[in-house]
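Excluded from the calculations below are hydrogen atoms, water molecules and symmetry mates; all remaining heavy atoms, backbone and side chain alike, are included. Throughout, numbering of the chain's residues begins at 1 and tracks the sequence.
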Amino acid sequence: MAEPAACNRPVYLTFDTGHMGTAPLIAEVLQRHQVKATFFAAHEKTQQGDGSLGEHWAAWWRARGSEGHAFASHTWEHAYWRADLDGPGEVRFRIRPSAGPQAGQNLQWSAQQYCDSLRQAASRLHGLTGQAPLPLFRAPGGKTSPRLLQTARQCGFAHVGWADAGFLGDELPSERYSNAHLLQKALRNIRPGDILMAHLGIWSRQDPWAPAVLEPLIVGLKARGLCFATLREHPQYREAVHQQPLQLAPSPHNYLKPSVLRP
């Protein structure tokens with residue numbers, strides 16, 4: 001069998017978890033076009049089953065692992081950073097998870113609790129896919145602070161955002177941003193080296209982005225001479241990926257019971 005051509009003008013397609021309703025279709029498109037992606041996963045509420053990292057979706061993740069995709073943490077509870085909290089003692093953050101039993105609450109987390117949430121998602125991905133997760137993470141909504149990024153680095157995770165042109169718009173309202181508009185904008189603006197970001201299903205979008213936009217986007221970018229690689233090959237992250245693997249030993253800290261910030 002001929003060796004695949006070298007990817008000299010790469011873009012980096014990434015997916016964050018969502019309601020998973022489009023996940024099977026996304027997987028079919030990626031497999032059909034032999035595109036490898038990087039998945040950032042949290043344990044989010046889904047249209048079917050027990051959450052995006054639950055047993056219902058275990059076979060789906062296992063198949064993606066066997067296909068050679070890459071995987072990284074999106075925090076276990078899809079935990080949004082809201083603010084750094086000043087005060088004596090250890091570093092603390094205001095966190096608002098959108099998944100899990102404390103979804104929608106304003107919580108106060110220590111640095112250790114945030115690291116534990118990153119590690120739990122990564123550990124679950126490791127168990128589901130059989131692949132070592134990357135020493136990377138994506139904060140939900142891309143919301144961070146310098147202090148949060150430093151905390152994550154200290155427990156082995158570098159943050160990954162996305163290029164301006166790589167915001168593929170699947171979370172935007174379809175009545176204002178049609179699939180045709182999003183496709184045309186992406187094909188016009190994406191450049192080599194860009195990190196692209198979409199989701200495995202968005203609750204608020206009425207006209208699903210995938211596979212309607214995904215397949216012609218892949219075809220169109222390839223026609224422009226672009227190719228697809230995972231973040232394992234990204235020049236900003238590949239050294240850390242290969243030289244600083246994650247340490248996923250379980251932590252004794254129980255971060256499932258953070259303190260709640262009262263109004």
> Can you list every pair that meets salt bridge (Lys or Arg N to Asp or Glu O under 4.0 Å) and has a residue in residues 171-186, with sequence neighbours left out?
Replying inline: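 Non-adjacent pairs meeting salt bridge (Lys or Arg N to Asp or Glu O under 4.0 Å): zero.
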Give the table of side-chain donor-acceptor pairs shorter than 3.5 Å for residues 150-164, with sequence neighbours excluded, one pair per line with atom names and distance.
{"from": "Thr151", "atom 1": "OG1", "to": "Arg147", "atom 2": "O", "distance (Å)": "3.1"}
{"from": "His159", "atom 1": "NE2", "to": "Ala139", "atom 2": "N", "distance (Å)": "3.0"}

Can you tell me how far apart [atom1] ([X]) and [atom2] ([Y]) are? Round to the nearest 0.5 Å.
{"X": "His19", "Y": "His199", "atom1": "NE2", "atom2": "NE2", "answer": "10.5 Å"}
{"X": "His181", "Y": "Ser174", "atom1": "NE2", "atom2": "OG", "answer": "12.5 Å"}
{"X": "Ser123", "Y": "Leu53", "atom1": "OG", "atom2": "CG", "answer": "11.0 Å"}
{"X": "Thr144", "Y": "Tyr80", "atom1": "OG1", "atom2": "OH", "answer": "13.5 Å"}
{"X": "Lys45", "Y": "Met20", "atom1": "NZ", "atom2": "CE", "answer": "15.5 Å"}
{"X": "Ser52", "Y": "Leu200", "atom1": "OG", "atom2": "CG", "answer": "8.0 Å"}

> Are any of the side-chain nitrogens in Arg124 or Glu55 under 4.0 Å away from the carboxylate oxygens of its partner?
Replying inline: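 Yes, charged N to carboxylate O under 4.0 Å.
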> Is the count of non-hydrogen atoms from other residues, nucleotides or ligands lying under 6.0 Å from Lys36 atom NZ greater than 12?
Replying inline: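 Enclosed.
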> Should we say atom NZ of Lys222 is surrounded by more than 12 heavy atoms from elsewhere, each under 6.0 Å from it?
Replying inline: yes
Who passes side-chain hydrogen bond (donor to acceptor under 3.5 Å, both in side chains) against [X], sequence neighbours left out?
{"X": "Thr14", "value": "Arg138"}
{"X": "Glu239", "value": "none"}
{"X": "Ser66", "value": "none"}

Which class fits the ring pair [X] and [Y]: parallel under 30°, tilted 30 to 60°, perpendicular over 60°?
{"X": "Phe71", "Y": "Trp61", "value": "perpendicular"}
{"X": "Phe39", "Y": "His69", "value": "perpendicular"}
{"X": "His78", "Y": "His74", "value": "perpendicular"}

>> Grouping I, L, V, M, F, W and Y whenever their side-chain heavy atoms are under 4.5 Å apart, do Leu187 and Tyr177 come out in a common cluster?
In response: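 In one cluster with Leu187: Tyr177, yes.
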Distance-only donor-acceptor pairs under 3.5 Å for side chains of residues 211-220, two or more places apart:
{"from": "Glu215", "atom 1": "OE1", "to": "Arg32", "atom 2": "NH2", "distance (Å)": "3.1"}
{"from": "Glu215", "atom 1": "OE2", "to": "Arg32", "atom 2": "NE", "distance (Å)": "2.9"}
{"from": "Glu215", "atom 1": "OE2", "to": "Arg32", "atom 2": "NH2", "distance (Å)": "3.2"}
{"from": "Glu215", "atom 1": "OE2", "to": "His33", "atom 2": "NE2", "distance (Å)": "2.7"}

> Which one of Thr46, Leu128, Thr17 satisfies the side-chain contact (heavy atoms from CB on, under 4.5 Å) criterion with Trp57?
Replying inline: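 Single pass found, and it is Thr46.
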